[in-house]
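First the proteins, then the strands, lettered A, B, ... as listed; each starts at 1. All values below come from the heavy atoms of this structure, side chains included, with hydrogens, waters and symmetry mates left out.
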There are 2 protein chains.
Amino acid sequence: MMDQKAPTPPDADVSGVLTQLYGYITAAQLPDDGRLPPERELAELLGVKRTELRKGLAALEREGQLWRHVGKGTFVGPKPPQLVDIADLVQRSNPVQVMKARIGLEPELSRLAAINATVAEIATLAELNASCRAATSWREYEAYDARFHHQIAEAAHNPILIALLETLNAVRRAVTWGRPRPSHSSPPADHHSFEDHDRIVDAIAHREPGGAADAMRRHLQNVEDRLIGRAP
Amino acid sequence: MMDQKAPTPPDADVSGVLTQLYGYITAAQLPDDGRLPPERELAELLGVKRTELRKGLAALEREGQLWRHVGKGTFVGPKPPQLVDIADLVQRSNPVQVMKARIGLEPELSRLAAINATVAEIATLAELNASCRAATSWREYEAYDARFHHQIAEAAHNPILIALLETLNAVRRAVTWGRPRPSHSSPPADHHSFEDHDRIVDAIAHREPGGAADAMRRHLQNVEDRLIGRAP
DNA sequence: GGTCGCAACCAATTTTATTTTGGGCACTGT
DNA sequence: ACAGTGCCCAAAATAAAATTGGTTGCGACC
């Protein structure tokens with residue numbers, strides 16, 4: 001009699017509640033979002049105590065069939081994704097991580113641009129590249145540089161990747177914001193990005209997906225090296 | 001007398017308010033977000049009528065030095081970026097584009113995971129992989145598969161890339177939603193993804209960034225081939 | 001008579017307060 | 001010990017009130 005509980009794991013008596021729960025879920029047609037009644041209510045509906053019900057719910061949650069959140073409720077099915085909060089994201093990020101993200105994303109955009117870009121888009125890209133060279137201040141240069149990279153995303157013709165890049169740029173601007181920059185000087189004529197941009201445009205114009213991706217990757221790598229301080 | 005207003009553009013008498021405004025902006029230290037007092041208050045501060053003040057603000061907004069929004073206020077500086085609207089994004093996307101985006105993003109996540117993952121995270125990854133194999137329904141398999149890919153993002157330790165992947169997954173689920181799937185059958189024991197996942201976990205566990213990225217790329221390529229119908 | 005100032009009104013947004021919900025603690029009775 | 005009970009807590013949704021930029025209509029004044 002002393003070892004009567006030995007063969008019964010901690011969730012042993014939960015099985016009864018589990019079957020009841022499973023029955024309720026399949027029987028009662030719950031709303032589109034899969035939300036089921038609050039614990040206190042559901043406990044009374046099933047005729048069990050809240051403590052007992054919670055054990056069953058916890059078990060189902062462990063299996064991933066269920067997800068709960070304080071103040072929200074209990075939902076059947078996989079938990080929906082949380083949309084990005086840029087402000088919160090900015091606080092938990094640093095410029096290096098932003099660069100890592102760009103290196104992860106933009107080479108593939110460059111590859112797709114080489115495949116899908118229209119001639120008009122390539123022409124615009126070349127114009128923006130020229131405008132970068134002609135910029136008379138860092139502020140102006142950065143504005144054209146941003147449009148240059150954005151134009152590549154447009155040329156990739158993938159709305160999802162465009163949206164992702166925009167999100168990334170939002171974070172980038174916020175993270176970069178407030179860093180000291182010489183407002184009166186201008187980019188030097190031998191700025192490394194000029195050649196990098198040239199190579200990217202060439203590869204896209206010549207329809208070389210691999211080359212375009214590589215050129216973009218090297219460009220961003222250069223920028224990161226400058227950022228970290230590995231290169232002047 | 002009839003052409004007395006010809007030489008005076010509509011904003012002629014605004015110059016006075018403009019100088020006052022410019023003085024106030026530089027003098028009064030406004031909060032970090034660049035927000036300045038509400039129109040009614042600011043008008044009294046500058047000793048002008050609201051109508052007049054609004055003309056000045058409108059002029060500055062045209063120049064892009066200012067941005068306003070009903071209910072929010074008036075802010076000095078460029079307007080912050082708009083966050084992505086997933087619902088709109090879904091309408092303009094198709095499953096193939098989703099796969100292209102995944103191929104662009106996830107290999108790099110895999111690479112970073114091989115560099116930054118903790119042993120605990122690698123263990124969790126292996127567990128999720130085993131759960132995928134043990135799944136008794138496609139629904140359950142997909143739940144674990146999603147968590148598997150998400151765990152890789154976590155292990156990459158880059159909050160920005162995690163956020164981007166979550167956005168992408170949100171679109172993915174919405175796009176995939178409602179497609180027919182056999183609810184009672186289960187993934188076959190020789191499902192190609194099992195081996196793919198094994199290779200990814202191995203590469204991450206052995207700290208091989210390049211191998212992890214390649215394994216992920218090949219995995220997603222396989223999935224895309226099945227999606228398009230190039231492979232059974 | 002038409003042009004300009006003025007005030008009230010409007011809709012978008014934030015702020016504040018209230019309610020609901022899952023999670024957790026301490027006491028109690030067996 | 002141990003489960004049950006009641007209560008409180010923090011997170012979140014919901015509701016209500018207060019702000020705020022934008023708009024319209026009325027009237028005064030040239």
Side-chain angles (χ1 to χ4, degrees), chain A residues 1-6 8-17 21 30-62 65-77 79-83 85 87-88, chain B residues 1-6 8-14 16-17 21 25 30-62 64-77 79-80 82-83 85:
Chain A
M1 53 178 70
M2 57 179 25
D3 55 348
Q4 223 171 12
K5 68 164 180 260
T8 63
D11 292 348
D13 57 345
V14 176
S15 58
V17 190
L21 256 176
L30 26 85
D32 279 357
D33 54 358
R35 174 176 189 176
L36 44 85
E39 288 184 356
R40 293 162 174 88
E41 197 174 324
L42 185 56
E44 197 169 12
L45 265 170
L46 299 185
V48 299
K49 291 303 171 190
R50 190 159 93 107
T51 311
E52 209 170 353
L53 171 64
R54 297 192 95 263
K55 288 180 189 170
L57 291 176
L60 285 183
E61 188 180 31
R62 254 177 254 124
Q65 310 237 341
L66 210 58
W67 69 275
R68 317 182 265 179
H69 201 298
V70 189
K72 279 179 134 161
T74 306
F75 300 80
V76 179
K79 76 181 71 157
Q82 59 213 1
L83 48 80
D85 176 7
D88 174 66
Chain B
M1 53 178 70
M2 57 178 33
D3 54 348
Q4 220 172 14
K5 68 164 178 261
T8 63
D11 293 346
D13 57 345
V14 175
V17 191
L21 254 177
I25 290 174
L30 27 83
D32 280 356
D33 55 358
R35 175 176 187 175
L36 44 85
E39 289 184 355
R40 295 160 173 90
E41 198 174 323
L42 185 56
E44 197 169 12
L45 264 169
L46 299 185
V48 300
K49 290 302 175 188
R50 190 157 94 107
T51 310
E52 207 171 355
L53 172 63
R54 293 191 100 265
K55 288 180 189 170
L57 292 175
L60 285 182
E61 189 180 29
R62 254 177 256 123
Q65 309 233 337
L66 211 57
W67 69 275
R68 319 182 260 179
H69 200 301
V70 189
K72 283 179 128 155
T74 306
F75 300 81
V76 179
K79 77 178 72 156
Q82 64 210 358
L83 48 79
D85 178 7

Taking only side-chain N and O atoms of B:Lys55, does any of them lie within less than 4.0 angstrom of OP1 or OP2 on C:dG5? yes
Of all heavy-atom pairs between B:Leu53 and B:Glu39, which one has the smallest distance, and what is that distance? CD2-O, 3.4 Å
When rounded to whole Å, the CG to P distance for the pair A:Leu66 and C:dG22 reads 10 Å
Side chain to side chain contact (heavy atoms under 4.5 Å, CB included) involving A:Pro37 - partner list, sequence neighbours excluded: A:Tyr24, A:Glu41, A:Leu42, A:Leu45
How does each nucleotide of nucleotides 25-30 of chain D score, in 5' to 3' order, for protein heavy atoms under 4.0 Å: base (B), sugar-phosphate only (S), or none (-)? ------
Using whole Å, report how far CG of B:Asp33 lies from P of C:dT13. 16 Å
Restricting to side-chain hydrogen bond (donor to acceptor under 3.5 Å, both in side chains), what partner residues turn up for B:Glu61, sequence neighbours left out? B:Arg68
Residues in side chain to side chain contact (heavy atoms under 4.5 Å, CB included) with A:Glu44, at least two apart? none
Under 4.0 Å protein heavy-atom contact, by nucleotide of nucleotides 13-22 of chain D - B base, S sugar-phosphate only: S------BBB
Atom-pair distance (CH2 on B:Trp67; C1' on C:dT13), nearest Å: 11 Å
Considering residues at least two apart in sequence or located in another chain, which fulfil the side chain to side chain contact (heavy atoms under 4.5 Å, CB included) criterion with B:Val76? B:Ile25, B:Leu30, B:Leu36, B:Leu66
Salt bridge (Lys or Arg N to Asp or Glu O under 4.0 Å) with A:Arg40: which residues, sequence neighbours excluded? none
Rounded to whole angstrom units, what separation is found between the CG atom of B:Leu57 and the P atom of D:dT23? 14 Å
According to side chain to side chain contact (heavy atoms under 4.5 Å, CB included), who are the partners of A:Arg35, at least two apart in sequence or on a separate chain? A:Pro31, A:Asp33, A:Phe75
To the nearest Å, how far apart are A:Glu44 CD and C:dT21 P? 14 Å
Would you kindly give the CD-to-P distance between B:Glu52 and C:dG5, to the nearest whole Å? 7 Å
